[in-house]
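Each chain gets a letter, A, B and so on, in the order its sequence line appears, and its residues count up from 1. Computed from a predicted structure; not experimentally measured. Computed over heavy atoms, backbone and side chain alike; hydrogens, waters and symmetry mates excluded.
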Amino acid sequence: MTEPKFFITTAIDYPTSSPHLGHAYEKICADVIARFWRLKGARVHFSTGTDEHGLKIQRTAERMGKTPQQLVDEMSSQFRRMCEELGISYDDFIRTTEERHLAVVRELVGKLEEKGEIYRGRYEGFYCTECETYYSKEELVEGNCPVHGVRTEWVSEEGFFFRMSKYQERILEHLKRHPEFLQPESRRNEILRRLEAPLRDLCISRSGFSWGIPLPMEERYVLYVWVDALMNYLTTAGYPGPEFSRRWPPDLHLIGKDISWHHSVIWTSLLMALDLPLPRRIFVHGFITYRGEKLSKSKGITLDPLYFSRTYSPDALRYFLLREVSFGQDGSFSEEGLRTRLKEELIGTLGNLVHRVLTFTWNHFGGRVPEGAVDPQLEGEVASCAREVEKLLEEFRLHQALERVMMLAKAGNEYFQSKKPWEALKGRREEAAGCLFNCLNLVKALSVLLQPFLPFTSGKIAGMLKVEIRGWEQAKSFDLRPGHPIEKPQVLFRMVEPPVSPPPPLRAEDFERVDLRVAEVVEAERVPGSEKMLRLKLRLPEGMRTVMAGIGRSYTPEELVGRRVVLVANLEKKKILGVESEGMILAAGEREEGLSLIVPDRPVEPGTRVR
RNA sequence: AGCGGGGUGGGGCAGCGUGGAGUGCCCGCCGGGCUCAUAACCCGGAGGUCGGAGGUUCAAGUCCUCCCCCCGCUACCA
């Protein structure tokens, strides 16, 4: 089952602007897989990079008053920096403007032409200037662009074509015979359906702009950028050098769902035409969405991965994306969600376990792994966890794999709790020692299992344990021996204080819809069964209101009566602890304790509008 | 329009290829325990007709059919 090699690629990004979270997500997922296979002992080649030719690059550069080369140099280095900061362990960062790539593309295009895969033809269609796309007669809606509904222009010019249509059957056949070739299945179905319609030949020449690879046949044309871009996989594999045969074919192309067609049809047919082995798998991941919309440069919804990685930590960002998003589906990002997962899972579960175990060892056992016997049941749990995670990772179920790892951390906390070593310490020292011995081994296993997901954290844990992570199998046995020294424990994750309350811009009209009024508290009482909820009766000129307020840990009922508070008067009614609450009163503070009511600074009559 | 995906306790998600008690994860809510640990940890509880309607089956969230709602994709724009 263990493959001697694993060649994994991400899509190469089109650097018309800075990287956003979607780019980061893809690299992180690929990195997890690459790291996993390295741990398993495979000879990994992991490539990523930037796709730097094409009309859009040229236009963007012009608009910015730069040369295309300047633009791609700047942008590409940003993508590279993002990878560095996020701990992406790529082996090759390829840029399509590099000489090595140009040479490969020239050779391959020459080869295609030699084999008669390219012919001169006419490139015709109805051109819509809005979407810069050509349509066939059938696609037009009443003669207009199906997307924009505007008039289209008949264009006909000479160009070069790749005989893609002749591979239709072979592609279809391959997809049907190898279900694993294109995953997840939904994406495969999509392509299968679309292949039922006749495939057209692909026009691979472009004219009218110069930022691209000139066609060897006729230099006034440049190569269609997708052909150029896809061939990066051959370049990074070392084509046609000695490395090539050891790396090719790719074991996994990781791509976004917007480009599944290009990979499964255009790329596949190009490889067929070149008589090169096809990649083993193409895995299509989903998009990161934000507030229900996908991130997109054109809509201006971009999130800067470096902001999150620097504000929290690279591992916090990696963790959130990997854990929150179901691999293969879209997933939504929110800073709030990231903060929650950081606090509850990374700090509360993982950080706490590691810290309490190490600190205990440091304080009570002189910083050495204490004497103890392997608890076979716990070791068995750890080993089976490792096996399950392995299985899940092999199937690219990253989110489930990570969830499973975290369940082990949770199990560690339970174990520690149930053995109560802090009690055993008084009188039954060997028992406490045995507990810690096993817990330390569990933590060691965690550092191995976490390595693909959270490389920085994994490294910190391994460093504190003074162990070197060499391979996946290390996670399966309790081989930390008594007497082994550890380092002084340090905290793995910290909460970042300012909630940096993500300010969703609020329109003035929307704020106007909030009816804030001053109201007088006439009654206040505790609600049975809750320490924090108080039931208040508030007086407004038009009548009384019953409002539930979670301020019971900050105020006593007695001190509230007679005070004037600020009420959100038009809030939807809601049942709280069986009582219907007709509004909400305002108080400052994040926690339940130490809240401060917002009150009028000068005498104000109940009913007065607050604004 | 065609095709694809989704609709699971209050919120957010897994679970569905190989049907078997509504199982799991995170949050929120209620209560209890602990004090080794970054007020972190552990235990218990409330809460769901798994979008709707049929069907297959001894057994369906899981398979089939139809319907409703939401979201994507539609090839030379990377």
Is there a side-chain polar atom (N or O) of A:K343 under 4.0 Å from OP1 or OP2 of B:U38? no
Closest to the A:K56 side chain: B:G33, B:C77, B:G24? B:C77
Could you identify the nucleotide paired to B:C41, looking across every strand shown and requiring Watson-Crick or G-U wobble geometry with both distances under 3.5 Å? B:G33
Out of the candidates A:L440, A:L465, A:L436, only one should pair with A:V369 under the side chain to side chain contact (heavy atoms under 4.5 Å, CB included) rule; please name it. A:L440
Does a donor on one side chain and an acceptor on the other come within less than 3.5 Å for A:Q400 and A:R323? no
For the pair made of CZ in A:F493 and P in B:A40, what is the distance, rounded to whole Å? 16 Å
Quick one: A:Q183 CD to B:G4 C1', roughly how many Å, whole number? 17 Å
With nearest nucleotide decided by heavy atoms, which residue, A:K426 or A:R323, maps closer to the 5′ end of RNA chain B? A:R323
Could you measure between the two C1' atoms, the one in B:U57 and the one in B:C63, and give it in whole Å? 10 Å
Both A:N413 and A:Q490 contact RNA chain B. Which one's nearest nucleotide lies toward the 5' end? A:Q490
Could you work out which one of B:A40, B:C25, B:G17 sits closest to the side chain of A:N352? B:A40
Base-pairing assignment for B:C50 (Watson-Crick or G-U wobble, both under 3.5 Å): none
If I pick the P atom on B:G51 and the same atom on B:C34, what distance separates them, to the nearest angstrom? 42 Å
Residue from A:W261, A:F162, A:Y233, A:F181 passing ring pair (Phe, Tyr, Trp, His ring centres under 6.0 Å) with A:W267: A:Y233
Side-chain H-bond candidate by donor/acceptor type, A:R95 with A:N232, under 3.5 Å: no
Taking a pair as Watson-Crick or G-U wobble with both distances under 3.5 Å, which nucleotide is matched to B:C3? B:G72
So what does A:L358 hit on the nucleic acid, given a heavy-atom distance under 4.0 Å: a base, only sugar-phosphate, or nothing? nothing
For the atom pair CG (A:L402) and CZ (A:R404), what is the distance rounded to the nearest 0.5 Å? 12.0 Å
Integer-rounded Å distance: B:A40 P and A:W422 CH2: 17 Å
Checking one value: the base orientation of B:G6, syn if chi is within 90 degrees of 0, otherwise anti. anti
Quick one: which of B:G15, B:G24, B:C36 gets closest to the side chain of A:Q417? B:C36
So, does A:D228 use its side chain to make a donor-acceptor pair with the main chain of A:T96 at under 3.5 Å? no
Taking the C1' atom of each, how far is B:C25 from B:G9, in whole Å? 14 Å
Between B:G7 and B:U38, how far is it from one C1' atom to the other, in whole Å? 39 Å
Strictly by modelled atom types, are A:Y167 and A:H174 linked by a side-chain donor-acceptor pair under 3.5 Å? no
Atom pair distance, as rounded to whole Å: CD in A:E344 and P in B:G12: 18 Å
Kindly point out which of B:C36, B:C41, B:U38 is positioned nearest to the side chain of A:T349? B:C41
Between CZ of A:R341 and P of B:C27 the distance, given in whole Å, is 8 Å
What is the distance, to the nearest angstrom, from the CD atom on A:E345 to the P atom on B:G28? 11 Å
Name the pairing partner of B:G28, where a pair is Watson-Crick or G-U wobble with both distances under 3.5 Å, or state none. none
Check whether A:R339 reaches the backbone of A:V496 with its side chain - one donor and one acceptor, N or O, closer than 3.5 Å. yes
As a test of reading the structure: which of B:A75, B:U35, B:A14 is closest to the side chain of A:H399, going by heavy atoms? B:A14
Per atom distances to the A:E324 side chain, the nearest of B:G15, B:C25, B:G12 is B:G12
Side chain of A:Q400 only, heavy atoms from C-beta on: which candidate in B:C36, B:G15, B:C26 is closest? B:G15
Rounding to the closest angstrom, what is the interatomic distance between B:C16 and B:G61 at atom C1'? 7 Å
If you look at every strand shown and take non-hydrogen atoms under 4.0 Å, does A:P489 touch a base, only sugar-phosphate, or nothing? nothing
Rounded to the nearest angstrom, tell me the gap between atom CG in A:L398 and atom C1' in B:C25. 16 Å
Nearest-angstrom distance from the residue atom CG of A:L182 to P of B:A75: 18 Å
Select one nucleotide: of B:C27, B:G17, B:U35, the one nearest the side-chain heavy atoms of A:T340. B:C27
Answer for the Watson-Crick or wobble partner of B:G20, both distances under 3.5 Å, is B:C58
P-based separation of B:A75 from B:U18 [nearest Å]: 34 Å
Checking contacts here: which listed nucleotide (B:C16, B:A75, B:C25) is nearest the side-chain heavy atoms of A:E403? B:C25
Scan A:G348 against the nucleic acid and name what it touches under 4.0 Å (heavy atoms): base, sugar-phosphate only, or nothing. sugar-phosphate
In whole Å, measure the gap between the P atoms of B:G48 and B:A39 for me. 36 Å
Would you say the ring centroid of A:Y119 lies under 6.0 angstrom from that of A:F160? no
Nearest to the side chain of A:K410, heavy atoms from C-beta on, is which of B:A40, B:C26, B:G15? B:C26
May I ask you to say what A:N232 touches in the nucleic acid, namely base, sugar-phosphate or nothing, with a heavy-atom cut-off under 4.0 Å? nothing
Look at all strands and tell whether A:V491 reaches a base, only sugar-phosphate, or nothing, counting heavy atoms closer than 4.0 Å. base
Using the C1' atom in both, what is the distance from B:G47 to B:G28, to the nearest Å? 12 Å
Students often get this wrong, so: under 4.0 angstrom with heavy atoms, is A:L199 touching a base, only sugar-phosphate, or nothing? base
